[in-house]
Amino acid sequence: MAEIELHGTWPSPYSYRVLWALKLKGIPYEYVEEDLSNKSPLLLQYNPVHKKIPVLVHGGKPICESMIILEYLDETWPQNPLLPSDPYERAVVRFWVKFIEDKGPSAWVVFRTSGEEQEKAVKDSLEMLKTIEEHALGEKKYFGGDKIGMVDIACSGIAHWLQVIEEVVGIKILEPHKFPRLHAWTKTFKEAPIIKDNLPNQDEMLVFFKQAREKLLASA
Amino acid sequence: MARTELKLLGAWPSPYVMRPRIALNIKSVDYEFLQETFGSKSQLLLESNPVHKKIPVLIHKGKPICESLIIVEYIDETWSSGPSILPSDPYDRAIAKFWGAYVDEKWFPNLRILSTAEGEAKDQVIGTIVEGLDLLEDAFVKISKGKTFFGGGQIGYLDIAFGCYLGWLRASEKMSEVKLLDEAKTPGLAKWADTFSSHPAVKDVMPEVDKLVEYGKSLVAKYRAAKAASS
């Protein structure tokens with residue numbers, strides 16, 4: 001068994017968060033692609049409470065929840081830190097990580113629903129983006145300042161997956177003129193070293209998520 | 001530390017407000033407690049937490065920190081010479097945070113649902129709450145390693161995260177006339193609950209169950225009135 005294993009799935013933004021952190025810190029790992037339609041006994045053993053990916057396994061011990069994994073990686077491999085060292089600044093980073101964790105999923109509700117439910121989710125998503133645009137980003141290059149930090153990684157769904165959702169459902173949410181800072185950040189983030197070489201193919205994602213949405217709406 | 005340097009905005013019934021209060025007690029740090037009035041939000045709260053407009057907010061030398069567990073971590077990192085609240089080992093920290101997120105996101109919301117549930121829905125949510133307590137019992141046994149608290153010999157992050165809900169757990173048992181924390185089913189948790197609640201850092205900030213029941217009943221009445229008015 002490799003010292004570090006990442007159990008994930010190729011279209012998942014949560015999987016990628018961990019993958020980027022491992023690569024940014026130069027931590028060698030083995031990647032295990034999980035099949036969520038047929039969950040492996042190993043996955044169920046590693047994450048019995050939520051039965052979800054990503055799971056990081058370090059020396060046989062599993063850690064679950066992507067942002068908790070990122071804090072673990074940052075504490076265990078301090079090079080290229082993802083969190084600032086000042087306690088107040090750390091609290092501000094954690095605040096925005098929690099914000100995107102709590103509010104970000106509204107974009108996935110847009111993906112999964114239609115009609116009134118979808119309309120509400122679009123509103124929620126717009127509010128979420130507005131708050132980030134106005135309060136979180138400032139004039140910095142990244143949320144983390146000059147370098148990618150925890151909040152950039154947490155918000156990556158906005159940079160790469162939101163476009164796919166928008167195309168699949170046919171609704172534009174992140175309009176450049178409404179969210180100029182955020183829009184600029186999505187470009188900067190995706191061009192950053194390591195990130196740009198490790199992004200799931202958007203065409204493949206379109207096919208995958210289109211099919212997934214069709215299945216969801218058919219069974220609703 | 002001068003009291004004016006450290007303020008905590010909160011309200012007595014809130015389990016989230018208890019969390020930083022316990023943390024500050026553990027560190028023996030003095031602070032000014034500013035209670036929000038029900039039904040209105042102070043200017044200070046709106047300025048300090050413009051995104052969520054919620055309590056608790058810790059204001060340290062004029063800078064606001066929001067979100068209860070984030071505040072607890074901030075307290076631990078800032079007053080690092082006092083007893084530690086987060087475990088020292090990164091893996092143990094990850095486990096503590098995992099269960100802290102679990103009680104907040106998966107377990108506690110069911111108590112709210114229980115307060116207004118009826119019939120089959122009520123039985124279902126009771127089942128979910130009890131299942132959650134079984135999981136937490138297992139976690140307690142594994143994490144405490146035979147000691148008194150999740151944090152070992154002393155109160156730690158997960159004790160604070162989960163323990164703050166005990167007042168409302170007991171209030172829910174009274175309001176819904178059901179036993180949820182059963183010493184026969186979850187003996188470890190039942191014993192821990194008593195020890196935690198009577199701990200010096202906790203007992204003065206844990207609201208009285210009867211007061212919570214009274215407050216809870218008024219909330220349910222408001223909810224029912226609003227529901228009737230809108231239907």
Side-chain angles (χ1 to χ4, degrees), chain A residues 4 18 21 46-52 54-78 83-103 105 127-137 150-151, chain B residues 16 20 23 27 48-54 56-80 85-107 109 131-132 134-136 138-139 142 157-158:
Chain A
I4 298 177
V18 182
Y46 284 147
N47 193 354
V49 175
H50 301 303
K51 306 173 175 56
K52 282 179 171 180
V55 178
L56 187 87
V57 186
H58 184 199
K61 299 204 281 193
I63 300 126
C64 309
E65 298 295 300
S66 58
M67 297 317 295
I68 293 177
I69 296 172
L70 255 59
E71 289 228 13
Y72 174 81
L73 290 175
D74 212 41
E75 288 162 14
T76 313
W77 287 273
L83 273 173
S85 50
D86 173 70
Y88 180 75
E89 287 173 39
R90 287 158 77 88
V92 174
V93 166
R94 287 176 175 141
F95 175 89
W96 288 111
V97 167
K98 185 171 203 299
F99 179 83
I100 194 75
E101 289 291 83
D102 290 343
K103 308 287 181 193
E127 252 180 65
M128 177 236 335
L129 294 176
K130 186 166 181 268
T131 303
I132 296 175
E133 173 85 14
E134 287 176 12
H135 293 271
L137 195 44
M150 202 71 98
V151 181
Chain B
Y16 307 107
K27 301 283 187 180
S48 315
N49 191 354
V51 173
H52 299 301
K53 308 174 178 54
K54 282 181 171 176
V57 180
L58 185 75
I59 305 177
H60 186 201
K61 297 183 186 170
K63 297 204 279 193
I65 301 112
C66 308
E67 299 292 340
S68 58
L69 290 178
I70 294 175
I71 299 172
V72 169
E73 252 193 295
Y74 174 82
I75 291 168
D76 201 34
E77 290 174 6
T78 304
W79 287 275
S80 50
I85 295 173
L86 272 293
S88 50
D89 175 71
Y91 184 75
D92 293 338
R93 271 211 285 281
I95 297 298
K97 287 182 179 181
F98 173 88
W99 287 107
Y102 172 81
V103 291
D104 275 358
E105 289 157 29
K106 301 284 179 213
W107 185 77
E131 265 171 39
D134 283 338
L135 279 181
L136 288 159
D138 278 344
K142 280 203 190 103
Y157 178 90
L158 187 47

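Proteins get letters first, then strands, A, B, ... in listed order; numbering begins at 1 in each. Atom set for the values below is all heavy atoms of this structure, side chains included, hydrogens, waters and symmetry mates excluded.
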For this session: Between chain A and each of V51(B), I95(B), I65(B), count heavy-atom pairs under 4.5 Å; write down the option with the most.
Result: V51(B)

Seminar exercise, completed: Minimal heavy-atom distance between W79(B) and K27(B), with the atoms involved, is O-NZ, 2.9 Å

Problem set entry | Straight-line distance of L136(B) CG to W107(B) CH2, nearest 0.5 Å | 7.0 Å

Seminar exercise, completed: Most contact-rich option vs chain B, by heavy-atom pairs under 4.5 angstrom, among R90(A), H135(A), E101(A), is R90(A)

Exercise. Which bit of V92(A) comes within less than 4.5 Å of chain B, counting heavy atoms only: side chain, backbone, both or neither?
Worked result: neither

Seminar exercise, completed: dist L158(B):CG -> Y102(B):OH (nearest 0.5 Å) comes out at 12.0 Å

Exercise. What pairs with D92(B) under side chain to side chain donor-acceptor pair (under 3.5 Å), at least two apart in sequence or on another chain?
Worked result: none

Exercise. Distance from E67(B) atom CD to D104(B) atom CG, nearest 0.5 Å?
Worked result: 9.0 Å

Problem set entry | Pairwise distance CG(L70(A)) to CG(L56(A)) - rounded to 0.5 angstrom | 9.5 Å

For this session: Heavy atoms only: give me the nearest W99(B)-L135(B) pair and the separation to one decimal.
Result: CH2-O, 4.1 Å

Exercise. Applying a criterion of heavy atom separation less than 4.5 Å, what residues of residues 71-78 of chain B form contacts with chain A?
Worked result: E73(B), Y74(B), E77(B), T78(B)

For this session: With a 4.5 angstrom heavy-atom cut-off, could you sort out which part of P64(B) is near chain A: side chain, backbone, both or neither?
Result: both

Exercise. Which atoms of P62(A) come close to chain B, meaning under 4.5 Å heavy atom to heavy atom: side chain ones, backbone ones, both, or neither?
Worked result: both

Problem set entry | Which of K61(A), H50(A), H58(A) touches chain B most, by non-hydrogen pairs under 4.5 Å | K61(A)

Problem set entry | Gap between atom CD of E71(A) and atom CE of M150(A) - 0.5 Å precision | 4.5 Å

Exercise. Atom NZ of K130(A) and atom CD of E127(A): how far apart are they, to the nearest 0.5 Å?
Worked result: 8.0 Å

Seminar exercise, completed: Pair count under 4.5 Å, heavy atoms only, with chain A: among S80(B), P50(B), A94(B), highest is A94(B)

